[in-house]
S.K.: 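Could you have a look at this structure, given as structure tokens, before my questions?
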Amino acid sequence: MVGRRTLRSWRRRRRQSPQKRRGSSRKVEAPIAQKNLTLRSSANAYGFSDPVLYDRGCRKARASAFQAVENAPNALVVIGEYWDPMAMVSEGSGMLMQATTAEGYYRFVGSEISRLQQEFDGRRMIVLGSVPTTGGIGSPLSCYGRVYRLDPGCLSQPIANPVISRRAKTNDILKENLPSSVEFIDPFDALCKHNECSLITDGPIYSDNTHLSGLGAKMVMAAIAPIIRGDAPTIGAQALK
């Protein structure tokens with residue numbers, strides 16, 4: 001459960017001016033490169049013309065999520081993310097931060113998740129890894145414009161596909177850097193078998209190149225529900241190779 005002290009601290013910081021909020025800082029372990037953040041650099045980093053507006057919405061959504069966790073002391077916390085290394089902005093210092101190595105990024109992620117679990121008072125936490133994606137072939141929906149049953153590439157892609165194998169490696173590194181108190185679930189277990197990752201079954205599994213469709217999400221949820229209940233062990237993409 002999110003500590004009341006954490007929520008009070010967050011609300012207190014909301015009432016402070018941006019200049020005062022930037023005055024505090026938290027030490028970040030190397031290798032994370034930092035540089036001064038400006039409106040322009042933030043827009044360039046994230047592609048938003050008004051990053052302040054985006055940030056305000058993100059903070060509001062997070063506050064709502066924290067409050068929901070606080071109101072449900074027995075809830076399970078599940079964290080999902082697009083786990084590729086990306087630029088980050090420190091809420092403490094206002095600095096733009098970028099990992100200098102992939103390993104450094106996942107060490108940073110692991111330490112932040114550990115800190116978050118402590119703020120949640122040791123609540124049971126599950127991290128959901130990255131999905132395989134379509135392997136760079138585009139949306140499976142485009143396959144319906146041609147005789148996809150004659151095109152095996154539309155039905156599935158090998159786990160050896162460079163894009164997919166990189167995502168599998170990402171999940172492996174992420175899992176290695178999580179604290180032992182946090183469980184890891186790999187979507188590859190639900191979407192890949194015999195070194196092949198499905199793209200179309202009873203319908204398209206992805207709505208575009210990277211996002212699951214409703215069918216794909218149901219497939220992942222059906223596979224991970226027993227793990228969440230404790231009826232089945234986690235496997236991991238490495239075991240599928």
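Every heavy atom of this structure was used, including side-chain atoms; hydrogens, water molecules and symmetry mates were not.
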S.K.: If we only count heavy atoms from C-beta on, is the Glu196 to Cys192 side-chain gap below 4.5 Å?
M.R.: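 No. Closest side-chain heavy atoms not under 4.5 Å.
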S.K.: Taking the basic N atoms (NZ, or NE/NH1/NH2) and the acidic carboxylate oxygens, is any pair closer than 4.0 Å for Arg107 and Glu103?
M.R.: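 Answer for the salt bridge query: no.
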S.K.: Starting at CD of Glu81, measure out to CE of Met86 and round the result to the nearest 0.5 Å.
M.R.: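 Taking CD in Glu81 and CE in Met86, the distance rounds to 5.5 Å.
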S.K.: For a quick check under 3.5 Å, do Thr134 and Gln157 share a side-chain donor-acceptor pair by atom type?
M.R.: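 Checked: Thr134/Gln157 side chains show no N/O donor-acceptor pair below 3.5 Å.
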S.K.: Rounded to the nearest 0.5 Å, how far does CD of Glu112 lie from CD of Glu119?
M.R.: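 It comes to 9.0 Å.
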S.K.: Between Arg123 and Val77, is there a donor-acceptor pair closer than 3.5 Å when you use the side chain of the first and the backbone of the second?
M.R.: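 No; judged by distance alone, with no hydrogens or angles, the pair does not exist.
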S.K.: Going by the rule side-chain contact (heavy atoms from CB on, under 4.5 Å), which residues pair with Asp208 if we only count those two or more places apart in sequence or in a different chain?
M.R.: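 By the side-chain contact (heavy atoms from CB on, under 4.5 Å) rule, Asp208 matches Thr210, His211.
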S.K.: Find out whether Val109 and Trp83 are in side-chain contact, i.e. whether some heavy atom of one side chain is under 4.5 Å from a heavy atom of the other.
M.R.: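 Side chain of Val109 against side chain of Trp83, heavy atoms only: contact under 4.5 Å found.
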S.K.: Between the side chain of Ser165 and the main-chain N/O of Asn161, is any donor-acceptor distance below 3.5 Å?
M.R.: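 Present.
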S.K.: Can you confirm whether Ile159 sits close enough to Phe188 that some side-chain heavy atom of one is under 4.5 Å from a side-chain heavy atom of the other?
M.R.: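 Contact flag for Ile159/Phe188 side chains = yes.
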S.K.: Under the 3.5 angstrom rule, does the side chain of Tyr206 hit a backbone N or O of Thr133 as a donor-acceptor pair?
M.R.: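 Side chain of Tyr206 to backbone of Thr133: a pair is present.
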S.K.: Report the distance from atom CG of Leu199 to atom OG of Ser156, rounding to the nearest 0.5 Å.
M.R.: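 Going from CG on Leu199 over to OG on Ser156, the span is 6.5 Å.
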S.K.: Using the test side-chain contact (heavy atoms from CB on, under 4.5 Å), find all partners of Arg166 that sit at least two apart in sequence or belong to another chain.
M.R.: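 With neighbours one apart ignored, the set is Asp84.
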S.K.: How many angstroms lie between CZ in Arg124 and OG in Ser181, if you round to the nearest 0.5 Å?
M.R.: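 Rounded to the nearest 0.5 Å, the CZ-OG separation comes to 12.0 Å.
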S.K.: Just by modelled atom types, is the Leu178 backbone N or O under 3.5 Å from a matching donor or acceptor in the Tyr106 side chain?
M.R.: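 Pair absent, no side-chain N/O of Tyr106 close to backbone of Leu178.
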S.K.: Please report the closest heavy-atom contact between Asp186 and Ser130, naming both atoms and the distance.
M.R.: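 Here Asp186 and Ser130 meet closest at OD1-O, 4.3 Å.
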S.K.: Is Val163 linked to Tyr82 within one hydrophobic cluster, defined over Ile, Leu, Val, Met, Phe, Trp and Tyr using a side-chain heavy-atom separation of less than 4.5 Å?
M.R.: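 Looking at the clustering, Tyr82 is in a separate group from Val163.
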